[in-house]
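Quick notes on the structure that follows.
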Amino acid sequence: MYKHGSSSSEMLAEIKVKRELMMECANTKGFTSEETIKYSQELDELIYEYQKVAGQSTKKQEEVKLSFKQSILVWPKVIVGF
């Protein structure tokens with residue numbers, strides 16, 4: 001599982017490895033084997049954690065963009081006031 005502060009590239013690498021393990025297991029033991037299902041569930045958790053981190057990053061970027069847009073709207077009013 002991810003350590004606090006893992007980079008998105010580390011997270012994606014871990015997802016890739018887990019997906020490969022799951023597919024290898026599915027091809028050898030079957031798609032409904034306990035081991036394949038275990039890998040699938042672990043993969044789901046990894047993807048969910050990645051999406052949470054990626055979503056937070058996107059949310060922060062959107063907040064910065066909104067703040068910048070608001071400051072642009074205020075700037076002309078400040079210049080005109082002089």
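Basis for what follows: all heavy atoms, side chains included, without hydrogens, waters or symmetry-related copies. Everything numeric here is computed off the predicted structure, so don't read it as measured data.
Atom NZ of K18 sits about 11.5 Å away from atom CG of D44, to the nearest 0.5 Å. Separation of atoms NZ (K52) and CD1 (I47) is listed at 14.0 Å; rounding is to 0.5 Å. Taken from CD in E14 to CD in E49, the straight-line distance is 10.5 Å, to the nearest 0.5 Å. One finds the CD1 atom of I15 at 7.0 Å from the OH atom of Y50 (value rounded to the nearest 0.5 Å). Here the CD atom belonging to E45 is positioned 10.5 Å from the OG atom belonging to S40, to the nearest 0.5 angstrom.
Take T32 and apply the side-chain hydrogen bond (donor to acceptor under 3.5 Å, both in side chains) test, not counting sequence neighbours, and it matches no residue. Contacts of T36 classified as side-chain hydrogen bond (donor to acceptor under 3.5 Å, both in side chains), with partners at least two apart in sequence or in another chain: S33. Annotation: side chain to side chain contact (heavy atoms under 4.5 Å, CB included) contacts of L21 (sequence neighbours excluded): V17, Y39.
Electrostatic pairing of K38 and E42 counts as a salt bridge here, judged by a charged N lying under 4.0 Å from a carboxylate O.
Checking side-chain atoms of E10 against main-chain N and O of S7 turns up a donor-acceptor pair under 3.5 Å.
A salt bridge (Lys or Arg N to Asp or Glu O under 4.0 Å) check over residues 28-37, counting only residues at least two apart or in different chains, returns the pairs K29-E35.
The 12-atom threshold is not exceeded at CD of E24, counting heavy atoms of other residues, nucleotides or ligands nearer than 6.0 Å.
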- Item | side-chain contact (heavy atoms from CB on, under 4.5 Å) between M11 and L46, worked out | CA-CA 8 Å; M11 296 170 88; L46 293 173; over 6 Å; no
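No path of Ile, Leu, Val, Met, Phe, Trp and Tyr side chains, each step under 4.5 Å between heavy atoms, connects L43 with I37, placing them in separate hydrophobic clusters.
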